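The next block holds one structure in the form of structure tokens; read it before the comments.
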Amino acid sequence: MTDDVLTVTMNPAVDHTLRIDEPLTSGAVARTDDAQFDAGGKGINVSKYLTALDVSAPATGFLGGPFGRMIRTQLDDDGVPGEFVEIPDRTRLNTTVLSPDAEYKINHDGPTVGDDAVSNLVERVAANDPDTVVVAGSLPVGVTTDAVDRIARAGEWDTAVDMSGSFLTDLDAEYLVCKPNREELHEATGLPVDTVSECAAAADELRTCGFRYVVASLGPDGALLVSESETTHAPAADADVVDTVGAGDALLSGFLAGLARGESETVALRTGVAVAARVVAVSGTRVPDFDGVFDARDAVDVSSP
Ligand SMILES: O=P(O)(O)OC[C@@]1(O)O[C@H](CO)[C@@H](O)[C@@H]1O
């Protein structure tokens with residue numbers, strides 16, 4: 001694998017992050033001067049993090065309306081190349097509220113996207129001809145997993161996916177990696193996921209659906225890597241957690257950056273955990289300082305669960 005990664009976000013979002021000083025109370029107006037807007041959506045986040053990790057990672061997908069324009073501008077400002085398919089409907093705004101006692105996340109379903117736009121997107125991916133494609137995030141209204149299989153089959157690239165558990169088992173093509181979280185592991189397999197060993201068994205079951213690697217994000221329990229030949233657990237690295245938005249995208253980014261640098265799968269998993277620890281320490285899906293992150297991964301333990 002080389003370092004040429006194209007991300008596909010079919011349902012991008014402007015991530016609106018609001019921090020309030022008091023717990024939310026029904027019937028009372030919460031006011032704050034702490035608001036942040038980030039270009040988001042899972043694939044776009046992977047492009048942002050990979051770019052900051054010095055891996056070439058242009059972004060594509062569907063954009064429309066004022067939030068679509070905002071995302072294009074931010075990606076330009078951040079030096080992330082983007083070539084999106086313009087749609088008539090409006091890109092969504094997703095909201096995170098950080099209060100002293102909780103993290104609330106509200107995601108809009110997103111725009112409706114037609115068949116022509118899907119075909120344009122598949123053509124755009126084929127024209128880019130990357131080594132690796134990452135298809136990540138929810139599907140907008142009108143798009144099915146068939147579009148993901150079409151992208152995976154449109155060329156010789158490896159394809160990584162991060163989507164909800166029920167979608168993962170609908171996919172038919174061959175995939176390099178999927179990145180489920182704990183709930184998605186359960187959703188995809190119906191197996192229990194209370195312990196790390198149970199998560200490992202569920203990840204192995206999911207792997208047999210057509211994934212070379214399953215890289216599962218387990219929140220405070222860290223991450224798992226399951227392939228045909230190995231099952232490895234890495235506990236979460238120490239971090240002052242501001243919010244967990246983008247943590248899974250960061251894990252996947254670090255894993256792919258590790259592979260792009262020629263690291264073994266196990267070292268790439270440790271890199272993913274180290275990258276995720278940096279991302280949870282900043283608010284929203286803002287890109288943190290990744291200085292020294294490849295050294296920090298040496299402090300990430302791995303073991304057999
Ligand atoms: O609704 P989806 O597509 O599943 O998730 C979208 C989203 O929550 O994922 C990213 C964090 O992983 C955010 O940038 C974005 O708001």
Side-chain angles (χ1 to χ4, degrees), residues 10-11 42-43 45-46 103 105 107 134-139 143-149 152 158-237 241 244-256 258-259 264-273 275-277 279-280 300-305:
M10 300 215 212
N11 204 1
K42 296 189 191 311
N45 294 337
V46 171
E103 175 180 318
K105 180 96 170 74
N107 284 11
V134 177
V135 184
S138 57
L139 299 177
V143 179
T144 65
T145 49
D146 180 54
V148 185
D149 283 327
D158 286 321
T159 306
V161 281
D162 178 1
M163 24 199 355
S164 80
S166 56
F167 286 166
L168 286 177
T169 49
D170 275 354
L171 296 172
D172 275 339
E174 290 288 309
Y175 289 89
L176 175 74
V177 54
C178 70
K179 204 288 312 152
N181 62 25
R182 199 171 208 134
E183 293 71 39
E184 288 162 344
L185 276 178
H186 173 69
E187 205 184 352
T189 63
L191 293 172
V193 291
D194 293 327
T195 64
V196 171
S197 322
E198 286 174 344
C199 290
D204 195 44
E205 171 84 16
L206 179 57
R207 182 187 62 76
T208 60
C209 297
F211 304 102
R212 197 179 325 156
Y213 305 113
V214 177
V215 175
S217 49
L218 305 183
D221 282 333
L224 271 172
L225 165 68
V226 176
S227 68
E228 194 176 6
S229 56
E230 76 170 276
T231 300
T232 306
H233 173 236
V241 179
T244 59
V245 181
D249 310 333
L251 172 67
L252 180 59
S253 303
F255 182 73
L256 293 174
L259 294 188
S264 71
E265 294 82 30
T266 309
V267 176
L269 173 72
R270 294 161 75 190
T271 305
V273 168
V275 168
V279 167
V280 297
V300 176
D301 284 332
V302 282
S303 62
S304 203

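The structure displayed is predicted, hence computed values, not measured ones. Below, all heavy atoms of this structure are taken into account, side chains as well, without hydrogens, waters or symmetry copies. One is the number of the first residue; the rest follow in order along the sequence.
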Interatomic spacing from CD in Glu230 to OG in Ser304 - rounded to 0.5 Å:
9.0 Å
Closest approach of Glu187 to Gly165 (non-hydrogen atoms, all atoms of both residues)
OE1-N, 3.2 Å
Taking Glu184 for the side chain and Asn181 for the main chain, is one N or O donor matched with an acceptor at less than 3.5 Å?
yes
How far apart are the closest heavy atoms of Leu252 and Asp162, and which atoms are they?
CD2-CB, 4.4 Å
Under the criterion side-chain contact (heavy atoms from CB on, under 4.5 Å), which of Asp172, Leu168, Thr169 is the partner of Cys209?
Thr169
Close side-chain approach of Ser138 and Asn107, heavy atoms under 4.5 Å:
no
Once you round to the nearest 0.5 Å, how far does CG of Leu218 lie from CG of Leu251?
9.0 Å
Closest approach of Ala247 to Val280 (non-hydrogen atoms, all atoms of both residues)
CB-CG1, 3.6 Å
For Arg207 and Val214, indicate whether the former's side chain and the latter's backbone hold a donor-acceptor pair under 3.5 Å.
no
Any donor-acceptor pair under 3.5 Å from Thr195 side chain to Glu198 backbone
yes
Please work out whether the ring planes of Phe255 and Tyr213 are parallel, tilted or perpendicular, with thresholds of 30° and 60°.
perpendicular
Can you name the closest pair of heavy atoms from Pro235 and Val300 and give their distance?
O-CG1, 4.3 Å
Are there more than 12 heavy atoms of other residues, nucleotides or ligands under 6.0 Å from atom CD of Glu174?
no
Run through Thr159, Leu206, Val226 and flag the one making a side-chain contact (heavy atoms from CB on, under 4.5 Å) with Phe211.
Leu206
Give me the atom names and distance for the closest heavy-atom approach of Ala202 to Leu191.
CA-CD1, 3.7 Å
Val215 vs Glu265 side-chain heavy atoms within contact, under 4.5 Å
no
Specify the closest pair of heavy atoms between Ala234 and Val302, including all atoms of both residues, with the distance to one decimal.
CB-CG1, 4.0 Å
Picking from Pro180, Pro192, Cys178, what satisfies side-chain contact (heavy atoms from CB on, under 4.5 Å) with Leu185?
Pro180
Any chance you could measure Ser253, atom OG, to Lys42, atom NZ, to the nearest 0.5 Å?
11.5 Å
Would you confirm whether His233, through its side chain, and Asp221, through its main-chain N or O, come within 3.5 Å as a donor-acceptor pair?
yes
Is there a donor-acceptor pair closer than 3.5 Å between any side-chain N or O of Arg182 and the backbone N or O of Gly219?
no
Are the side chain of Thr145 and the backbone N or O of Val148 linked by a donor-acceptor pair below 3.5 Å?
no
